[in-house]
Every structure is written in C-alpha cells, then in structure tokens.
Protein chains: 2
Amino acid sequence: MNGQIDELDRGIIRCLSKDGRMSFTEIATQLNVTEKTIRSRYKNLIDHEILQVVGVVNPTAIGVKAGAIIELMVELMALEQVIEGLRNLREVRFITTTSGKYQIMTQIAVPSQDDLSSSFKRIRDIPGIIEMNSIIQLNVYKNTFQYI
Amino acid sequence: MNGQIDELDRGIIRCLSKDGRMSFTEIATQLNVTEKTIRSRYKNLIDHEILQVVGVVNPTAIGVKAGAIIELMVELMALEQVIEGLRNLREVRFITTTSGKYQIMTQIAVPSQDDLSSSFKRIRDIPGIIEMNSIIQLNVYKNTFQYI
DNA sequence: AATGAAACTCGGATCTG
DNA sequence: CAGATCCGAGTTTCATT
C-alpha cells in the first residue's frame, strides 16, 4: 500500500460510510472477496489514516443547537497564537485560514443562542485579534463529512 | 428512553468516538456493566438518531485538498430552490442560512484549487442568486465533529 | 444475569501474480 | 513480495431462560 486506494478500498469505505459496524464478513460477501482480504485492507486504511470509523453524535440530539461562523482579522505576527487559542476552545469545531480581508474563519457550536455571546467574548479575548465579524447560523440544511 | 441521555450513554459514546468498532464486550468491561446493557443502550442511541457509527475518510488522503466558503445573497422567493440546488451538488458539504447581509453560507470541498472555479460556476448558475462572495480556504487547522 | 448456538474475528499456512 | 485464499481456534453477538 503506497497511499493510493483502489476500487476495493472504495467499496469498503462505501460500506462503512453507511454502517461503521458492518461485519467484515458482510462486506466481504457484498464485494465478492474473502473476509481476510477485507480485514487486511481495513487495517491498511486505518493505519494510513485514510479511514476512521467513529461514533458521531447528532449535535441537536445532545442539545447543541446553535452555531455561528466568525471571521477574524488578526495581527499577522499573532496568527499562530490566535489559531492555538481557538483550537483550545471546546466549542470551536472548525478553523481555517482564508483568502480575502479576514485571515481566519472559524465555526462554533454551542447549546443555545444564549451561549453564543459568551463564546464570542471568549474569542474576542484572544490576544492579537484586530476585528471580528460574527455570523449566526439560522438553519443548517446539509452537514456531511462523506467526501467520497 | 425519552430523548435524554445519561452518564452510561455518554460512556458508550466516548468509547465509540475513539474506535467505532470497539466490541460491546470491551465497552461493557470498561464501563462495568453487562454486554447486554451496552447492546440495548447502543440500539436506543442508534434508533433515536442520537449516535451514528460511520466510516469517515480523511479528505486529503483521497485527494480532496481544496475548499472554499461561499456567501450567497439570494432572492427571498428563491431561497428554498437555491438551497435545494446546492444540496444536490456533490462537492457541497455544508449549507446554512445566516444572519447578516447574505442569506446563505455554504462550504465546498474539491480535489484541487483548479476545481474551485468550475464549482463556483456551477453554483453561480443556480437561479435566484443575486450576489456571491467566495472565500478560499488556505489551511485547515481544526475540523471536528465530536460535539461532546 | 447466565447459557449456548450462530456469527464473526483473526492468525498461520498456503497459493498466486 | 505483496496480497489473496483456506481453515480452524477463539471471541462476540444475541435470543432465551
């Protein structure tokens, strides 16, 4: 395995995308190979960090119902520290640097609208931030992590 | 089960967040209950769509290395159709309505920078869009779906 | 909570290109 | 040599008690 994946790997990924606990035997039957083959391919995918099988909670079901997207203009010297500061906040789920006027865009997820303002404050307190533009999410219509 | 989850459920979720294929027996040992209990709790979590165990691919490992965030101003009458148009695009992974100047914010994930422009064009062609502001993601520093 | 049958996992030996 | 197959022992699942 050299980092490339083939049709069989994609088949395994497709199966596990639907049900991460599908048995190797079942996958093997569907893809017409032996269970051992699936098992070793699976191990390779996991070892190479191509695939990850994990439990994902539905945020609304556990009471995480509000979110916002925040654009940050930062002092360039402080870029790394701001990212580190954001990364350490539990409610921050996405951080990227971006083209355009703002250097950082981040997304937060919190229980309710009321929790947004305290989160905004926590972020504003990170040293190095020049300007902050907060956009509140109203309704989420798609949120997938199936990139295949 | 009434929609609320207790400490044991959270324990199960915590275990499966690390390894979605951990055996029920193993989880039972870690949490000091019987395997049968874990199995029925698991079923409840799945049935109530609180938890989902799925294979997640590392996008960069499969060659999805570029992304962008797009803000859209749309004709209010066309809001639903625009959302539907976006939802049907494979590369669109996130759609939300937002407060502020733009009504929709969406995120796309594609193999390379070169694929961004064709994706932008596909989006611009959705009827009902008045203005479109594209922000290219440079580096992603955090991208979690563990909200717990 | 315990039992037991059926299904699944997983390592070793073997085969193939 | 990497990767696939066959096979058998050891676990896990899961319905019944």
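Chain letters run A, B, ... following the sequence lines, proteins first and then strands; every chain starts at 1. Side chains included, hydrogens not; waters and symmetry mates left out as well; all remaining heavy atoms used.
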Practice problem: Please determine which of B/N139, B/I69, B/L138 meets the side-chain contact (heavy atoms from CB on, under 4.5 Å) test together with A/T96. | Solution: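 Single pass found, and it is B/I69.
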Quiz item: Looking only at side chains, do A/D115 and A/S112 share a donor and an acceptor under 3.5 Å apart?
Solution: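 Note: A/D115 and A/S112 side chains meet the donor-acceptor criterion.
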Quiz item: With no hydrogens and no angle check, do the side chains of A/E131 and A/Y102 hold a donor and an acceptor under 3.5 Å apart?
Solution: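 Checked: A/E131/A/Y102 side chains pair up, N/O donor to acceptor below 3.5 Å.
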Exercise. Decide, yes or no, whether a salt bridge links A/E7 with A/R14 under the criterion of side-chain N to carboxylate O below 4.0 Å.
Key: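 Judged by the 4.0 Å cut-off on N to carboxylate O distance, A/E7 and A/R14 do form a salt bridge.
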Every protein N/O lying under 3.5 Å from an N/O of nucleotides 11-15 of chain D:
unit_1 : atom_1 : unit_2 : atom_2 : d
D/dT13 : OP1    : B/F24  : N      : 3.1
D/dT13 : OP2    : B/F24  : N      : 3.2
D/dT13 : OP2    : B/T25  : N      : 3.1
D/dT13 : OP2    : B/T25  : OG1    : 2.7

Self-check item: A/Q103 (side chain) donor-acceptor with A/V74 (main chain) under 3.5 angstrom
Solution: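 Yes; judged by distance alone, with no hydrogens or angles, the pair exists.
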Quiz item: Is the side chain of A/N133 donor-acceptor paired with the backbone N or O of A/E71 at a distance under 3.5 Å, no angle test?
Solution: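 It does not hold such a pair.
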Quiz item: Where do B/G20 and B/V53 come nearest, in terms of heavy atoms and distance?
Solution: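 That would be O-CG1, 3.4 Å.
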Self-check item: Atom-to-atom span, NZ of A/K43 to P of D/dA2 - whole angstrom
Solution: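 Going from A/K43 (NZ) to D/dA2 (P), I get 14 Å.
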Quiz prompt | Euclidean distance, atom CD1 of residue A/I38 to atom C1' of D/dT5 [Å, nearest integer] | solution =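 One finds 13 Å between C1' of D/dT5 and CD1 of A/I38, rounded.
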Quiz prompt | Outermost nucleotides of DNA chain C that come under 4.0 Å of a non-hydrogen atom of chain B | solution =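 The protein-touched segment is C/dA1 to C/dT9.
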Quiz item: Do the rings of A/Y42 and A/F24 sit parallel, tilted or perpendicular, given the 30° and 60° boundaries?
Solution: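 If you compare the ring of A/Y42 with that of A/F24, the planes turn out tilted.
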